[in-house]
Protein chains: 2
Amino acid sequence: MTIQYIFGNILKQIRENRGISQEKLAFDSSLDRTYISMLERGKRKPTINTIFSICNALHMKPSELLQLVELEFDNQPH
Amino acid sequence: MTIQYIFGNILKQIRENRGISQEKLAFDSSLDRTYISMLERGKRKPTINTIFSICNALHMKPSELLQLVELEFDNQPH
DNA sequence: GTGTAGACTGGCGTCGACA
DNA sequence: TTGTCGACGCCAGTCTACA
């Protein structure tokens with residue numbers, strides 16, 4: 001269970017809760033749709049700038065998003 | 001005033017408050033010393049994994065670090 | 001202890017296309 | 001609407017070395 005996998009799951013969850021498409025999220029965050037797809041499937045590790053862009057598009061704070069990630073990450077068996 | 005520049009300043013601040021060297025931080029976070037140097041000077045944008053590694057070495061939560069960054073970022077004139 | 005330089009590998013992030 | 005593929009440019013991150 002890697003960090004980017006957890007990040008992707010949470011991102012997908014939040015996006016679907018917002019009821020918006022990958023396409024719209026990509027447009028609002030000035031990123032590529034295929035890249036959003038890869039992120040949600042844990043295939044890519046976003047940089048801090050990418051995290052800020054996505055959070056800006058989702059109207060949430062980067063710290064809030066990372067808190068969700070770290071909560072699930074610390075909850076992993078290891 | 002870019003995100004990575006603010007991130008670097010805060011990282012340097014925290015590290016110096018801890019009283020540890022770039023060398024020790026690099027070792028504890030399994031990163032290269034020259035890369036820590038570049039990060040602190042805003043020359044590089046860390047990935048989410050790198051952020052987690054550094055925060056782990058600093059005994060702080062990634063969300064806490066990002067909160068400091070976003071507070072200063074939102075405080076910028078634009 | 002830190003900044004910087006150069007060279008390098010791998011991966012971030014883009015783009016067009018098709019199922 | 002999303003996943004994936006291939007190709008691509010550029011930068012994340014490493015390493016050696018020197019001031």
Side-chain angles (χ1 to χ4, degrees), chain A residues 1-63 65-66 68-70 72-73, chain B residues 1-63 65-66 68-70 72-73:
Chain A
M1 205 69 156
T2 62
I3 292 173
Q4 69 262 30
Y5 190 78
I6 295 173
F7 175 87
N9 281 344
I10 291 175
L11 174 60
K12 182 183 181 69
Q13 210 175 303
I14 294 174
R15 179 182 60 78
E16 292 180 339
N17 281 349
R18 296 279 198 282
I20 68 178
S21 64
Q22 289 183 352
E23 213 160 8
K24 173 164 175 49
L25 175 57
F27 180 80
D28 291 347
S29 57
S30 302
L31 291 167
D32 198 82
R33 183 189 65 79
T34 65
Y35 181 61
I36 300 291
S37 173
M38 286 175 169
L39 276 183
E40 288 190 355
R41 303 179 62 79
K43 300 295 184 185
R44 288 286 192 273
K45 310 168 194 171
T47 63
I48 188 173
N49 290 53
T50 301
I51 294 173
F52 269 68
S53 292
I54 290 176
C55 286
N56 185 58
L58 289 173
H59 302 296
M60 71 185 300
K61 296 180 180 178
S63 60
L65 179 55
L66 277 220
L68 296 175
V69 175
E70 76 200 15
E72 191 154 339
F73 185 69
Chain B
M1 204 69 155
T2 62
I3 293 173
Q4 70 262 28
Y5 189 79
I6 296 174
F7 175 87
N9 281 344
I10 292 175
L11 174 60
K12 182 183 182 69
Q13 210 175 303
I14 295 174
R15 178 182 60 79
E16 291 181 340
N17 281 350
R18 294 280 199 282
I20 68 178
S21 63
Q22 288 183 352
E23 214 160 7
K24 172 163 174 51
L25 175 57
F27 180 80
D28 291 347
S29 57
S30 301
L31 290 167
D32 197 80
R33 182 190 66 79
T34 64
Y35 181 62
I36 300 292
S37 173
M38 287 175 168
L39 276 183
E40 289 190 353
R41 303 181 59 80
K43 301 295 184 187
R44 286 287 190 274
K45 310 168 193 172
T47 63
I48 188 174
N49 290 53
T50 301
I51 294 173
F52 269 69
S53 291
I54 290 176
C55 286
N56 185 58
L58 289 173
H59 303 296
M60 72 186 300
K61 296 180 181 178
S63 60
L65 179 54
L66 278 219
L68 297 175
V69 176
E70 75 199 16
E72 191 154 339
F73 184 70

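Sequence lines set the chain letters: A, B, ... in the order given, protein chains first and strands last, and positions in each chain run from 1. The structure displayed is predicted, hence computed values, not measured ones.
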Rounded to whole Å, how long is the line connecting atom [atom1] of [X] with atom [atom2] of [N]?
{"X": "B:Gln4", "N": "D:dC10", "atom1": "CD", "atom2": "C1'", "answer": "14 Å"}
{"X": "A:Glu23", "N": "C:dG16", "atom1": "CD", "atom2": "C1'", "answer": "14 Å"}
{"X": "A:Leu39", "N": "C:dT14", "atom1": "CG", "atom2": "C1'", "answer": "13 Å"}
{"X": "B:Met38", "N": "D:dA12", "atom1": "CE", "atom2": "C1'", "answer": "10 Å"}
{"X": "B:Asn49", "N": "D:dT14", "atom1": "CG", "atom2": "P", "answer": "12 Å"}
{"X": "B:Asp32", "N": "D:dG13", "atom1": "CG", "atom2": "C1'", "answer": "8 Å"}
{"X": "A:Lys12", "N": "D:dG3", "atom1": "NZ", "atom2": "C1'", "answer": "10 Å"}
{"X": "B:Ile36", "N": "D:dA12", "atom1": "CD1", "atom2": "P", "answer": "14 Å"}

(request) Please assess A:Thr50 against A:Ser53 for the test side-chain hydrogen bond (donor to acceptor under 3.5 Å, both in side chains), listing each intermediate value before the final yes or no. (result) CA-CA 5 Å; A:Thr50 301; A:Ser53 292; over 6 Å; no
[X] side-chain N/O to [N] phosphate OP1/OP2 under 4.0 Å:
{"X": "A:Gln22", "N": "D:dG3", "value": "yes"}
{"X": "A:Arg15", "N": "D:dT1", "value": "no"}
{"X": "A:Ser37", "N": "D:dG3", "value": "yes"}
{"X": "B:Thr47", "N": "D:dG13", "value": "yes"}
{"X": "B:Arg44", "N": "D:dA12", "value": "yes"}

(message) I'd like to know if A:Arg33 reaches the base of D:dG3 with its side chain such that a donor and an acceptor end up less than 3.5 angstrom apart.
(response)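 When only heavy-atom distances are counted, A:Arg33 does reach the base of D:dG3 through a donor-acceptor pair under 3.5 Å.
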(message) So, under a plain 3.5 Å distance rule, would you say the side chain of A:Thr34 forms a donor-acceptor pair with the base of D:dC5?
(response)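 There is none.
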(request) Would you kindly compare B:Glu40 and A:Thr50 by the position of their nearest DNA chain C nucleotide and give the one closer to the 5′ end? (result)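 Looking at the nearest nucleotide for each, B:Glu40 comes out on the 5' side.
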(request) Would you kindly compare A:Ile48 and B:Ser21 by the position of their nearest DNA chain C nucleotide and give the one closer to the 5′ end? (result) B:Ser21
(request) Tell me what A:Ser29 touches on the nucleic acid: a base, only sugar-phosphate, or nothing, going by heavy atoms under 4.0 Å. (result)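 No contact.
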(message) Which nucleotide wins on minimum distance to the side chain of B:Arg41, given the candidates D:dT14, C:dG13, C:dG3?
(response) C:dG3
(request) Could you tell me whether the side chain of B:Ile3 reaches within less than 4.5 Å of the side chain of B:Lys45, counting heavy atoms only? (result)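 Of all side-chain heavy-atom pairs linking B:Ile3 with B:Lys45, none is under 4.5 Å.
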(request) Give the minimum heavy-atom separation between B:Asp32 and B:Ala26, together with the two atoms involved. (result)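 Nearest pair, atom of B:Asp32 first, then B:Ala26: C-CB, 3.8 Å.
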(request) Grab the two heavy atoms, one from B:Glu72 and one from B:Ile6, that are nearest each other, plus how far apart they are. (result) CB-CG2, 3.8 Å
(request) Could you go through the side-chain contact (heavy atoms from CB on, under 4.5 Å) check for B:Leu66 and A:Leu65 one step at a time? (result) CA-CA 10 Å; B:Leu66 278 219; A:Leu65 179 55; over 6 Å; no
